[in-house]
2 protein chains.
Amino acid sequence: MVQWLSTASGAFEQEFVALLESKREASADVDEAVRAILEDVKARGDAALLDYTARFDRLQAASVNELKVSEAEISAAFERVDGETLKALELARDRIASHHARQMPRDDRYTDATGVELGSRWTAIGAVGLYVPGGTASYPSSVLMNAVPAKVAGVERIAMVVPSPDGTLNPLVLVAARLAGVEEIYRIGGAQAVGALAFGTQSIAPVHKIVGPGNAYVAAAKRRVFGTVGIDMIAGPSEILVVADGGNDPDWIAADLLSQAEHDESAQSILITDDGEFASAVAEAVERQLKLLPRGEIAGASWRNFGAVIVVESLDQAPALVDRIAPEHLELAVDDPDALLGQIRNAGAIFLGRHTPEAIGDYVGGSNHVLPTARSARFSSGLSVLDFVKRTSILRCNADNLRVLGPAAIALAEAEGLAGHGRSVAIRLNM
Amino acid sequence: MVQWLSTASGAFEQEFVALLESKREASADVDEAVRAILEDVKARGDAALLDYTARFDRLQAASVNELKVSEAEISAAFERVDGETLKALELARDRIASHHARQMPRDDRYTDATGVELGSRWTAIGAVGLYVPGGTASYPSSVLMNAVPAKVAGVERIAMVVPSPDGTLNPLVLVAARLAGVEEIYRIGGAQAVGALAFGTQSIAPVHKIVGPGNAYVAAAKRRVFGTVGIDMIAGPSEILVVADGGNDPDWIAADLLSQAEHDESAQSILITDDGEFASAVAEAVERQLKLLPRGEIAGASWRNFGAVIVVESLDQAPALVDRIAPEHLELAVDDPDALLGQIRNAGAIFLGRHTPEAIGDYVGGSNHVLPTARSARFSSGLSVLDFVKRTSILRCNADNLRVLGPAAIALAEAEGLAGHGRSVAIRLNM
């Protein structure tokens, strides 16, 4: 039975806080193992990489070059992908590219009233590493969602790593990489791959930032190399919050809740509705559909352990609850979603109306599916072109401007006890 | 004697790599102490905060309310600040505000050729915590650089914390906070203050993001609460790189190098020039000026231990070296700085020409002085309005759009083994 909350109940606030604070992830303590692997890769480079790949992926190679994916392998991967899937990947790639192109920030150079020249200049990060998980979580859509924005941003080098346990590699991942313009792919994974990207080895040049999802080892390795390189967010289990009135087909909403629940037993699906009967109908539809889903066991565990139905007296109560949950994905399945939208501040992505199931955004909507989880939409954003560029401030004074601004800088430097700062200005003013 | 490198030497590459890899910070191992403090603040709230403040700051208070800075204290602080410094702070505040207002990202809502509505919507973070160090590193300019962009972004609540060891508090910090519009200030600091902001206590509401510099305890605490709240970068010791030709006054360039060296013994000042005689003149000027500086001992230690002079055969070699150093601050003291600018990619802030000492940017230039250190300008940017807003993706399909895009989404979901994703689309298409 799924958790059932009602704003009409006196216990609501307490139950809602418990829901917000529920921990959904067992954090495996892998940090010490990861530390040792990273140190070894830093010290021994290629040799360490080959050792760990043999041990963890049961893949023997005489050199890192053997682990590099060849043109022939990519061609073979294209042969194995059917036409419909290839066309779908191309559609996704094109839609992601055109949406993300709009995110490219513009340089701003200007002269202010004092005559001082100021500016913000954006440049692409030089080299980015893209981690792609192996096995069942090896998703071609994730390759597109990470690599296409990097390309749009102008990143010159994308080095992709993907483990191939026992030699198996998802051909769709190679096809997606090629469609996104990735030219450098290694069959390596785990903390050792993160280390190779961060520190570089004899065969792999270091990158400046590492993005992409991974297991607990990969996440711990990314945390550890942060500083040496940039990293993207560390994503938690997926979440969906559906705000729906009684005018929806309960089967549609149940399908949406299950589309996230099927990701992972730790995923979380929540329904907020003002119609108790509709809520019951959705809960029944969930039970029916669970029996039909290939991943029904996973989805069922997620729904029973972390799912929730919140019945509100009025949908006017929804925005405040939404902002506290700060969901990764938010569906507003109501007649006038824009009215609700204007009252909501915290969500990674919002899907408007009854015909926008979240899964459209996972694949072909064009917006990014890498989104803030675990309530972090209160303070962070989904992946975008901005994650692959950086901004440099530009300042230019001439002798006249410096005479205008200099005395204030000197006064503040002296007030802060930093005479050397003041001196670098005063010496130019003959003060 | 400062380190001296020359691109004409066969040993240059090896020496340059050693310079890049030199560790400048002893990382105190404070993590276990910080973990315990954070746990205690989370569990006991106000009571823990009062205990640690009594213990570490020798400041007794019966309630957290007593630690809140009152209107009377702020008025008293204004009385203690001289007119010139106050005017300088106001000038800085206004220039920071107008520069940062230009950084505000615009929403983007549009309908694409398929008829799908897409968008990016920016909203301010609801509540931000601002950490301000106590003692000698209690800089009013840092208060402005952090609080003004948050205000420009539209952050509704800024909660500032600043320790007052033995009851002492820099009045300039209170004045700067008031000028920036900060209304909520607590005399608390250390890991306990970070914990209070992140988790909330009985008296202090939690925030969504914590920004501002601090010592090793504060940095460790920020790392630990990251996830519960957002954090800004963890700043390392300051750095300046000056690229100068022989046409500069050696005394000016020496003053610039020392303006960063005086911050901290771990600061780093580097000169790149194509004129060996000029380099020697700068090095001599540094020695002369060191004797005049109140913080000459600190600046001297920084210069001797981490300073460097790099003599290049031609300034054409400079951009590649700059990009590898990726300095926090870069001065281009040459006749045509724009020509060099176009070839440089990695720097936090760039100061153009002979009349733009870096210290102008620290105080009154208008751009932010919180900038990426320790080579992180390769992948990150200085503080800006973007650090105080977050983006929500928006997507809307109608029944027609869904018929166009749906089949591709279903194909990809099935290719990834996520039938539930496909089902949430198919059910709306009667498939």
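Labels below follow one simple rule: chain letters A, B, ... track the order of the sequence lines, proteins then strands, and each chain is numbered from 1.
Using a distance-only test at 3.5 Å, with no hydrogens or angles considered, no donor-acceptor pair links the side chain of Ser424(B) to the main chain of Ala255(A). In this structure a side-chain-to-backbone donor-acceptor pair under 3.5 Å is missing from Glu84(B) to Ala411(A). The backbone N or O of Thr228(A) sits less than 3.5 Å from a side-chain atom of Arg378(B), completing a donor-acceptor pair.
Only the side chain of Val116(A) comes within contact range of chain B, with at least one heavy atom under 4.5 Å from a heavy atom of that chain. With a 4.5 angstrom heavy-atom cutoff, Ala377(B) touches chain A only via backbone atoms. The contact between Leu89(B) and chain A is made by backbone and side chain atoms together, counting heavy-atom distances below 4.5 Å. For Pro372(B), no part lies near chain A; criterion is any non-hydrogen pair under 4.5 Å.
Counting all heavy atoms, side chain and backbone alike, Ala92(A) lies closest to Leu412(B) at CB-CD1, 4.1 Å. Shown here for Gly365(A) and Leu118(B), the closest heavy-atom pair between the two residues is O-CD2, 3.2 Å. Val425(A) approaches Ala359(B) most closely through the heavy-atom pair CG2-CB, 4.1 Å. Heavy-atom minimum distance, Leu293(B) versus Ala419(A): CD2-C, 4.3 Å. Residues Thr392(B) and Ala347(A) share a closest heavy-atom pair of OG1-O, 2.7 Å. The two atoms that bring Ile427(B) and Gln289(A) nearest to each other are CD1-NE2, 4.1 Å, heavy atoms only.
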Side chain to side chain donor-acceptor pair (under 3.5 Å) between Ser120(A) and Arg102(B), worked out: CA-CA 10 Å; Ser120(A) 295; Arg102(B) 299 176 70 105; over 6 Å; no

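The NE2 atom of His99(A) sits 7.5 Å away from the CG atom of Asp108(B) when rounded to the nearest 0.5 Å. Note: Leu172(A) CG to Glu416(B) CD = 8.0 Å, rounded to the nearest 0.5 Å. Distance CD1/Ile360(A) to CG/Leu405(B): 5.5 Å, rounded to 0.5 Å. A distance of 8.0 Å separates OG in Ser380(B) from CD1 in Ile125(A), rounded to the nearest 0.5 Å. Atoms CD and CG, from Glu331(B) and Leu395(A) in turn, are 10.5 Å apart once rounded to the nearest 0.5 Å. Interatomic distance, Gln260(A) CD to Leu418(B) CG, rounded to the nearest 0.5 Å: 9.0 Å.
Of the options Ser381(B), Ser384(B), Ser367(B), a side-chain contact (heavy atoms from CB on, under 4.5 Å) to Ser393(A) is made by Ser367(B) and by none of the others.
Counting heavy-atom pairs closer than 4.5 Å to chain A, the top residue among Asp251(B), Leu258(B), Val229(B) is Val229(B). Interface check for chain A: of the options Arg345(B), Arg354(B), Arg121(B), Gln103(B), the most heavy-atom pairs under 4.5 Å are formed by Arg345(B). Among the candidates Gly353(B), Gly382(B), Pro294(B), the residue making the largest number of heavy-atom pairs closer than 4.5 Å to chain A is Gly382(B). Considering only heavy-atom pairs separated by less than 4.5 Å from chain B, the leading option among Trp122(A), Phe388(A), Phe379(A), Tyr139(A) is Phe379(A). Contact count against chain A (heavy-atom pairs under 4.5 Å) is highest for Gly420(B) among Gly420(B), Ala326(B), Ala261(B), Gly227(B). Ranked by non-hydrogen atom pairs under 4.5 Å with chain B, the options Ala413(A), Ser98(A), Gly126(A), Pro337(A) are led by Ala413(A). In terms of heavy-atom pairs under 4.5 Å with chain B, the best-connected choice from Gly361(A), Ala374(A), Gly348(A) is Gly348(A). In terms of heavy-atom pairs under 4.5 angstrom with chain B, the leader among Met233(A), Arg295(A), Arg223(A) is Arg295(A). Here Cys397(B) is the residue among Ala408(B), Pro105(B), Cys397(B), Gly366(B) with the most heavy-atom pairs under 4.5 Å with chain A. No other option in Glu156(B), Arg375(B), Glu358(B), Lys209(B) has as many heavy-atom pairs under 4.5 Å with chain A as Glu156(B). With chain B as partner, the option from Ile344(A), Leu257(A), Leu429(A), Val207(A) having the largest number of non-hydrogen pairs under 4.5 angstrom is Ile344(A).
Salt bridge status for Arg423(A) with Glu262(B): absent, with no side-chain N to carboxylate O gap under 4.0 Å.
At least one side-chain heavy atom of Lys390(A) sits under 4.5 Å from a side-chain heavy atom of Asn346(B). Side-chain contact between Asp256(A) and Arg428(B) is present, with at least one heavy-atom pair separated by less than 4.5 Å.
In terms of the side chain to side chain contact (heavy atoms under 4.5 Å, CB included) criterion, residue partners of Arg109(B) (sequence neighbours excluded) are, by chain and number, Asp338(A), Leu341(A), Leu352(A), Glu117(B), Ile394(B), Arg396(B).
Using a 30° and 60° split on the angle between ring planes, His263(A) and His421(B) fall in the perpendicular class, above 60°.
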